[in-house]
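Take a look at the structure set out below.
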Amino acid sequence: PKTKYDYSNNKTRERLYHHLNMTSRSFAAVIQDLDDELKDAICLFYLVLRGLDTIEDDMTIDLEIKLPYLKTFHEIIYQKGWNFTENGPNEKDRQLLVEFDTVIEGFLELKPAYQTIIADITKRMGNGMAHYATAGINVVTNADYDEYCHYVAGLVGLGLSEMFTASGFESPMVAERKDLSNSMGLFLQKTNITRDFLEDLRDNRRFWPEEIWGKYVDEIKDLTEPENKEKALQCLSHMVVNAMAHIRDVLEYLSMIKNKSCFKFCAIPQVMAIATLNLLHTNYMIYTHENVKIRKGETVWLMKESSNVDSVAAIFRLYARQINNKSNPLDPHFVDIGVICGEIEQIC
Ligand code: PS7
Ligand code: MN
Ligand code: MN
Ligand code: MN
Ligand code: MN
Ligand code: MN
């Protein structure tokens, strides 16, 4: 029998999944493979946060307009009929905001328990984004870096874990382990920030902490100067070690997840992240090209192989070995990377 939460036949649902497919490369497939109880809730969670991130990323919106949007987005999602009307050159996913009434309609049809989780995370993320978007506030220390990544990705992990537990698919322990949930997001976000160095620099956004890059150059943009190539590669391996520190937590988190569709949903982005880190490690291209990405065929293979914890462990072991093999013995992080890679081979 149809419940009021089942909109499988209606136009809203069709539009929502259209937006999901338009805005996400990797998440669209794994979300659509989730069991029915969670599929729409996580699709809406994704679309709400994608809307918020589109505002955060749009460097053409004046701060006076941007900051209030970020801070009140958790209220906007309850306002039936709301659409984004500011003009200005397009962020890639602007259309989602122009038709945001559809997302709001879908959100308001979710079970209240899921609405509450989404609104709470949106509120905390929006306020964190607003803080770091404020003029004069930057990612300076390593603690700032972890805090920014907590706001934009760790919180997603916390919210998803709460949803897994609320659905009954996973035990209460999953929601309780906020530390591990946070690390799931941090590993993805730090990989993204390391890869997107040039793109973000071009947009005048700096997420690499000064506490790291300041050891190698006087100004962050100097990392792209050819005469600083050696320093830039040392800085890159520093960013790689910093991200790899979360892998231990990621593997512990994944070992708690019992539901098959939740497992694949969690594991696929993580194996893509370690494959990406392997591609970035010792790769000077990140300072010269904006589109350093793993190959389509590698992605297909990773998605197919990520169905259980043993094969995911084998994937992590494989990439840890490749990362270790590529390391330069003259690099200051050679030993640190060797230690982490050794640990991964131990755990897995
Ligand atoms: C709700 C599935 C599975 C426990 C839109 C999935 C930006 C890496 O930095 O735009 O702008 O270039 O490429 C996803 C934990 C979040 C973290 C986050 C919501 C995993 C808005 C993904 C995705 C937690 C804030 C890539 C974090 O976006 O980045 C759902 C467990 C959105 C997850 C942002 C980053 C996602 C990201 P950027 P992108
Ligand atoms: Mn962003
Ligand atoms: Mn973004
Ligand atoms: Mn990015
Ligand atoms: Mn991106
Ligand atoms: Mn950008």
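Note that the structure is a prediction, hence the values are computed from the model and not measured. Just follow the structure's listing: the first ligand is 1, and inside any ligand the first atom is 1.
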Enumerated ligand 1 atoms positioned under 4.0 Å from heavy atoms of [X]:
X: Asp57; answer: 11 (O)
X: Phe27; answer: 6 (C)
X: Asp53; answer: 7 (C), 10 (O), 11 (O), 21 (C)
X: Arg25; answer: 13 (O)
X: Asp196; answer: 12 (O)
X: Ala153; answer: 27 (C)
X: Phe265; answer: 2 (C)
X: Tyr253; answer: 4 (C)

Can you say whether the rings of [X] and [Y] are parallel (under 30°), tilted (30 to 60°) or perpendicular (over 60°)?
X: His238; Y: His333; result: tilted
X: Phe197; Y: Trp208; result: tilted
X: Phe27; Y: Phe265; result: tilted

With nothing but distance in play, are any N or O atoms of [X] less than 3.5 Å from an N or O of ligand 1?
X: Asn192; value: yes
X: Ser161; value: no
X: Gln189; value: yes
X: Arg50; value: yes

Next item on the list: Kindly state whether the ring of Tyr69 and the ring of Phe84 have centres lying under 6.0 angstrom apart.
Entry: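 Here the rings of Phe84 and Tyr69 have centres that are less than 6.0 Å from each other.
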Margin query: Please confirm whether the ring centroid of Tyr148 lies under 6.0 Å from the ring centroid of Tyr132.
Written below: yes
Item checked: The one among Tyr46, Phe45, Phe263 that brings a heavy atom closest to atom 14 (C) of ligand 1 -> Tyr46
Checklist line | Distance-only donor-acceptor check, side chains Ser237 and Asp331, under 3.5 Å | finding: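 Yes, Asp331 and Ser237 have a side-chain donor paired with an acceptor closer than 3.5 Å.
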Notebook entry, point to check: Using a distance-only test with no angle check, is there a side-chain donor-acceptor pair under 3.5 angstrom linking Tyr17 and Asp40?
Noted result: yes
Notebook entry, point to check: What count do you get for protein N/O/S atoms less than 2.8 Å from the Mn ion (ligand 2)?
Noted result: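 Those protein atoms number 3 in total.
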Checklist line | salt bridge (Lys or Arg N to Asp or Glu O under 4.0 Å) contacts in which one or both residues fall within residues 245-263, not counting sequence neighbours | finding: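 Qualifying pairs, neighbours excluded: Arg177-Glu252, Arg248-Glu343.
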Margin query: Is there a path of hydrophobic side-chain contacts, each under 4.5 Å between heavy atoms, that joins Leu201 and Met59?
Written below: no
Let me check something: any side-chain donor-acceptor pairs from residues 152-163 under 3.5 Å, sequence neighbours excluded? List them with distances.
{"from": "Ser161", "atom 1": "OG", "to": "Gly157", "atom 2": "O", "distance (Å)": "3.1"}
{"from": "Ser161", "atom 1": "OG", "to": "Ser181", "atom 2": "OG", "distance (Å)": "2.8"}
{"from": "Ser161", "atom 1": "OG", "to": "Tyr253", "atom 2": "OH", "distance (Å)": "2.7"}

Check: More than 12 heavy atoms of other residues, nucleotides or ligands under 6.0 Å from CD of Gln32: is that the case?
Finding: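 Above 12, so yes.
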Notebook entry, point to check: Which residues pass the salt bridge (Lys or Arg N to Asp or Glu O under 4.0 Å) test with Glu56, sequence neighbours left out?
Noted result: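 If we apply the salt bridge (Lys or Arg N to Asp or Glu O under 4.0 Å) test to Glu56, skipping adjacent residues, the hits are Arg205.
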Margin query: Could you check whether Glu345 pairs with Arg321 (Lys NZ or Arg NE/NH1/NH2 to Asp/Glu carboxylate O, under 4.0 Å)?
Written below: yes
Note to self: Is Pro269 close enough to touch ligand 1? Criterion: a residue heavy atom under 4.0 Å from a ligand atom.
What the structure shows: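 Checking ligand 1 against Pro269, which is what was asked, there is no heavy-atom contact under 4.0 Å.
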